Each structure stands twice: as C-alpha cells, then as structure tokens.
Amino acid sequence: MKIGAPRETARDEARVALTPESAGQLQKLGHECLIESGAGKGAGIADDAYRAAGVTVVPTAEDLWATADVIVKVRPPEADEVARLNPGKTLISFFYPGQRSEELSAISATGANVLAMDMVPRISRAQKMDALSSMANIAGYRAVIEAGANFGRFFTGQVTAAGKVPPARVMVIGAGVAGLAAIGAATSLGAITLAFDVRPEVAEQIESMGAEFVYLDFAEEQQDGAATGGYAAPSSPEFRAAQLKKFRELAPGVDIVISTALIPGRDAPVLWTKDMVEAMRPGSVIVDLAAERGGNCELTVADQKIVSDNGVTIIGYTDFPSRMAAQSSALYASNIRHMLADLTPGKDGVIVHDMEDDVIRGATVAFEGTISFPPPPPKIKAIAAQKSKPKAEELTPEQKRAREVAAFKAQTRSQVTLLIVGALLLMGIGAVAPASFMAHFIVFVLACFVGFQVIWNVSHALHTPLMAVTNAISGIVVVGAMLQVGSSSTIVMVLATISILIASINIVGGFLVTRRMLAMFQRS
C-alpha cells in the first residue's frame, strides 16, 4: 500500500504525520511512503531528509491524494480534502466525531474508511497508539515553558549577593497526562507546585512527583474517576462549590495557574472565575489548556493572549503541540506507525481492516460507506476490576470462648513441658557438677529465663527504646561476671569472660542506637 502524508492546511499547524524515521519502519511492513513537498518544513524536516529515507516527494496535494491508498494527517480533513476521498481509500487522522456529526456523515458517504486517532480506546495494548496522550504530554510541558516566558521572575528560589529570590508558586488544575507533564516540568524548574484533581487516586502520583495535592473539605465520597476510563467525571454541585471555595483561598498566593480540566464530550468547566483572577497578584500568569473547549478560566479568549485589568496574563492558545512541532511530529508519527502496524498483521504491505479488533474497531468512525461511531465498549477493560476480598467469618461468643480455652490449654502444655525438661536437665547436671557451680548455674538459668520473658515477648517496634533499659541489665551482668573472672574453676572463668564480652557489645550498641534515636529529635 502507498501511505501518503499531505501538508497540513490548518492555520498555524506545523506538525506532520510522517517522519523519515517512521517512514523507515513503515517500509519494513511492506508499504511505500509518499509525502507532499514542504509538508515537514514546519517541523524542521526538509524534503531531502525524506528522499534519503526512501520516501517519494510528491509536488502537489492533488497528486498525493490521488496516488496514496492510505492518507495520514494530523488535523481533521477540510471539505475539499473530503471530496478527494473515494471507496478503497483509508484516512487516519484526528477527527473528533462527537463534535463533527455533519462532517462524519459527509465523509462516510464517500465510502472511505476513516480511523480517528482521538478515538483509540485506552487499553494497555493501545497505549502505543494513544495520540491524545502524546499530544497532551507535549501541551503540558509547553504550557510551563509558555508561562515562564510570560512570568517576570524565576521559577526556583535563589539566594544571591543582591538578595533573596522566592520560588514561584504554580497551581495545576487537572492531573491527567497534560497536568502531570506540567507538574513534572514545574517541579524540575524549582517551583513550589500545587495540584488538584477530582479523582482521588491521582494524589499519590502528584505527591510522588514532588508536588502537593490540594485536598478539599468535603465530607461525601467522590466517584472514582477510573470508572470512566481514566477521565474525570462530572462533579456534583456541592463538590463544585467546595472546589471553588478552595481555589478562592489559594488564588492570592498563586503566581502561575495551568488548567487542564476537560470532560469528554462536554464543554470545559469554568474553574477559575473572574474574582479569582482579580485576587491574583499583578504579573501572574494563567495558561488555559482547555481554551479550545471554552476554557477553565472565565476570562480566557481562544487563540489569544490577554492581560486583565489587574495585570494578570491569560494565555488561551490552542496550538501548544504545534509550537513544539519537531517533538510533536515525532511522537504522532510513531502513533500512526503503530496503528498501521496493527492494520498490517502480515507485514506484507496489505491493509487488513479487522473490525473484530478492539483497537481498530474503537478508532474506526466510518467503514465502507456506513457510520460506525460510537463504537461498542472494548472487550478488554482499561482497568481490571479488583477481586473482592473474602470477609472474615464472624465468630459467636461460644466459638470465641472455645478458641481462647484451646489456646490457653496449648500454651499451658507447652510451658509445663519446658519446665519438666528444664528440671530434668538441672537434675542431670547437678548429679555430676560440684555444689558451688550449681549455685551459680541456677542463678544464671533463672536470669536467662527472666530476661527471655521480659524481652522476647515485646513487639519488635519497641526493641530500640528498650536499649536504654537493657544497658542497665547488661551493666549488672558485666559487674557480676568481673567478680567471677578470678574463679579457680575454668568453666566459671570461661563463662564469665563470654558474659563480659556479650554484655559489653550490648552496652556499646545500645548507646549508639540510643544516640541516633535522640539525634532524630534534635534540631541541627
């Protein structure tokens, strides 16, 4: 099959759906690659780079659309591009079928097969084709760079000869792919980063990246966002009120706000209102990544950068990935390549549009002249349901009593057996040992028994605090053993020497551990 990538015609779009690297991989699948002349210019890729990779450079868009069997694009097709489709051709691009019903009807009437990269299901096997996540990752990173370019101070705090520079405080609203990318970029630049998301399970991810999760004073339990395929779910009015209240408290102390909150199929919720903007300090910056869907900030204007009356810069650009065209093109072309690899199972250059495949079926919005949107839910869930843990069986009072009696009897039998064995051993030693030795030996055995009962049954978490007490006991052992070192009995002298050695090690180790414990509670 011939895979062709035309030059993007949308205003300010610099990305391209085919790179020399991805073309090399597609050729290994048996495909022939075509590119319209100048298509990679915005991403810094010259036509000669494509020719070096074995890609055929086509002079015009008309020639490319007429020659290629599969068209790969970034932006949704324009009306004149739809007119160039016909049965047997396949189009792969972003399409957003939920918001483009009329365009979907028009493109299905051409008989072409259309795969929307924004409809790739979020299952593990399809992560390599998830173009939305790839672009969101770049948008989140670029949002921080854009904010830094419009912020008049450092992100990180500094102490210089000229004075102290406080770190910037960055607030990230929404911790999806874009939000996490923004958190990572902001923290790496040294900013104090706060982050909020309606999904409680992302709190650990946020904190693991060095940011602080913003908790709300809200009593009701929230729905787990993972139930909606990893996206945030609409919030209740009560939760929204608590959310706005918390944001109003934070607004005066925040320097930069990066908002990424979106709900699939809906307009962006307004989370940063006009009064919050007015509460921010002059020179602060708001970057609204949801501007294309109305914006999370009440004052956002799509595709524009404005300055509020109190000096707050509000950035509503909708082309953040295109502002990093080289990186965006590389990632998007890789997503396209993986999609085509699934469409070419035989690696023989033949496209097989398998509608039984979860990924291909989920991304297909038009197939052989019919609309196939919306797709059925995938057979494999994005998040496996956790197995319910078996509940512990409740015991009746009679059963509890019987269990306690049985445990007491077993313990009693064990202790009695040990006492009998010990008594027999003492009697056997006493039959052959002198009376002076037995007097000391019985004291030694009783000391070991008492020490075992005192120390061994204590929880391991309490062993370190007991070091101070065991030091005192070990000191007594050392003193008693030193009195016996000069004994005429060789056995007593050896045991006394061993006792001094072991007790001394215990004392030294106890002091060292106790010293380290006390150092934990001392200010440096």
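When reading the values below, keep in mind they use all heavy atoms of this one structure, side chains included, and skip hydrogens, waters and symmetry mates. This one's a predicted model, so the numbers in the text were calculated from it and none came from an experiment. Starting from 1, each residue takes its place in the sequence as its number.
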task = Can you see which heavy atom on Thr187 is nearest to which on Gly184, and at what distance?
result = OG1-O, 3.1 Å
task = Kindly compute the distance separating CG (Asp130) from CE (Met339), expressed to the nearest 0.5 Å.
result = 10.0 Å
ask   = Between the side chain of Glu298 and the main-chain N/O of Met276, is any donor-acceptor distance below 3.5 Å?
value = no
key: Expected output: side-chain Thr396 to main-chain Gln399 donor-acceptor under 3.5 Å   = yes
ask   = Closest approach of Gly316 and Thr300, non-hydrogen atoms and distance?
value = CA-CG2, 3.9 Å
ask   = Is it true that Glu356 and Arg361 make a salt bridge, defined as a side-chain N closer than 4.0 Å to a carboxylate O?
value = no
task = Determine, stepwise, if the pair Ile145 / Met324 fulfils side chain to side chain contact (heavy atoms under 4.5 Å, CB included).
result = CA-CA 11 Å; Ile145 302 302; Met324 299 184 70; 5.8 Å; no
request  = Taking all heavy atoms of Ser328 and all of Arg15, pick out the closest pair and write down the distance.
outcome  = CB-CD, 3.5 Å
task = Would you give the length of the straight line joining atom CD of Gln127 to atom NE2 of His338, rounded to the nearest 0.5 angstrom?
result = 11.5 Å
ask   = Taking the six-membered ring where the residue is Trp, are the ring centres of Tyr332 and Phe94 under 6.0 Å apart?
value = yes
query = Do Val257 and Ile173 come close enough that some side-chain heavy atom pair is under 4.5 Å?
reply = yes
message = With a 4.0 Å cut-off on N to O distance, would you call Asp69 and Lys89 a salt bridge?
response = no
remark   = Closest non-hydrogen contact found for Gly174 with Thr260 is O-OG1, 2.9 Å
message = Could you check, using the six-membered ring where one of them is a Trp, whether Phe320 and Tyr141 have ring centers closer than 6.0 angstrom?
response = no
ask   = Hey, is the main chain of Arg281 close enough, under 3.5 Å, to the side chain of Ser284 for a donor-acceptor pair?
value = yes
ask   = Do Met119 and Pro375 come within less than 4.5 Å of each other through their side chains, counting heavy atoms only?
value = yes
request  = Indicate whether any N or O donor in one side chain lies under 3.5 Å from an N or O acceptor in the other, for Thr60 and Asp63.
outcome  = yes
request  = Would you give the length of the straight line joining atom CG of Asp275 to atom CZ of Phe247, rounded to the nearest 0.5 angstrom?
outcome  = 12.5 Å
message = Just by distance, no angles: are the side chains of Thr318 and Asp303 close enough, under 3.5 Å, to form a donor-acceptor pair?
response = yes
task = Might you work through the side chain to side chain contact (heavy atoms under 4.5 Å, CB included) test for Leu115 and Val365, ending with a clear yes or no?
result = CA-CA 6 Å; Leu115 288 92; Val365 297; over 6 Å; no
note = All heavy atoms of Tyr96 vs all of Asp118, minimum pair found to be N-OD2, 3.0 Å
key: Criterion side chain to side chain contact (heavy atoms under 4.5 Å, CB included) on Leu189 and Thr156, from CA distance to verdict   = CA-CA 6 Å; Leu189 289 173; Thr156 185; over 6 Å; no
ask   = So do the side chains of Val70 and Ile92 get within less than 4.5 Å of each other, counting heavy atoms only?
value = yes
request  = Ignoring hydrogens and angles, state whether a donor on the side chain of His353 or Thr364 is under 3.5 Å from an acceptor on the partner side chain.
outcome  = yes
message = Taking Ile107's backbone N and O only, do any of them form a donor-acceptor pair with Thr110's side chain (distance below 3.5 Å, no angle check)?
response = yes
ask   = Would you say Val307 and Ile314 make side-chain contact, with heavy atoms under 4.5 Å?
value = no
message = A side-chain contact here means heavy atoms from C-beta on lying under 4.5 Å apart; do Thr273 and Arg248 qualify?
response = yes
query = Are the side chain of Asp47 and the backbone of Val57 linked by a donor-acceptor contact shorter than 3.5 Å?
reply = no
From Arg337 atom CZ to Thr19 atom OG1, the distance as rounded to the nearest 0.5 Å = 8.5 Å
remark   = OG of Ser134 to CE of Met129, rounded to nearest 0.5 Å, is 12.0 Å
key: Six-ring centre of Tyr317, Arg323 cation under 6.0 angstrom, axis tolerance 45°   = yes
task = May I ask you to decide whether Asp357 forms a salt bridge with Arg125, counting only side-chain N to carboxylate O separations under 4.0 Å?
result = yes
query = Short question: side chain of Glu13, backbone of Glu8 - any donor-acceptor pair under 3.5 Å?
reply = no
inquiry  = Can you give me the closest heavy-atom contact between Pro269 and Ala261, atom names plus distance?
reply    = CD-O, 3.7 Å
message = Hydrogens and angles aside, do Arg51 and Thr56 bring a side-chain donor and acceptor to less than 3.5 Å of each other?
response = no
ask   = Hey, mind stepping through Val72 and Ile3 against side chain to side chain contact (heavy atoms under 4.5 Å, CB included) and telling me if it holds?
value = CA-CA 7 Å; Val72 292; Ile3 313 296; 4.0 Å; yes
inquiry  = Other residues, nucleotides and ligands only: do more than 12 of their heavy atoms fall within 6.0 Å of CZ on Arg403?
reply    = no
Polar side chain donor-acceptor pair, Ser108 to Ser105, under 3.5 angstrom = no
inquiry  = Please check: side-chain N/O of Asn113 versus main-chain N/O of Glu368, any donor-acceptor pairing under 3.5 Å?
reply    = yes
Output a table of donor-acceptor pairs, distance under 3.5 Å, between side-chain atoms of residues 203-214 and any protein atom two or more places apart or on a different chain; print 'none' if there are none.
from   : atom 1 : to     : atom 2 : distance (Å)
Glu207 : OE2    : Tyr215 : OH     : 3.4
Ser208 : OG     : Glu204 : O      : 3.3
Ser208 : OG     : Gln205 : O      : 2.7

ask   = For Cys297, does its backbone N or O pair with a side-chain atom of Asp288 as donor and acceptor, under 3.5 Å?
value = yes
query = Are Ser322 and Asp319 linked by a side-chain donor-acceptor pair shorter than 3.5 Å?
reply = no
key: Leu271 side chain reached by Phe196 side chain, heavy atoms, under 4.5 Å   = no
ask   = Are Thr67 and Val58 close enough that some pair of their side-chain heavy atoms sits under 4.5 Å apart?
value = no
inquiry  = Under the rule for side chain to side chain donor-acceptor pair (under 3.5 Å), what residues qualify as partners of Thr313, not counting sequence neighbours?
reply    = none
query = Given the rule in the side chain to side chain donor-acceptor pair (under 3.5 Å) test, do Arg122 and Ser133 qualify, once you have shown the distances and angles that lead to the verdict?
reply = CA-CA 10 Å; Arg122 286 194 164 176; Ser133 293; 3.2 Å; yes
message = What I want to find out is whether Glu81 reaches Lys73 closely enough, with some N-O distance under 4.0 Å, to be called a salt bridge.
response = yes
query = Is there a donor-acceptor contact under 3.5 Å from the side chain of Arg169 to the main chain of Thr193?
reply = no
message = Could you check whether any side-chain heavy atom of Arg7 comes within less than 4.5 Å of a side-chain heavy atom of Lys41, counting everything from C-beta outward?
response = no
note = Separation between CG (Asn137) and CG (Leu331), nearest 0.5 Å, reads 7.5 Å
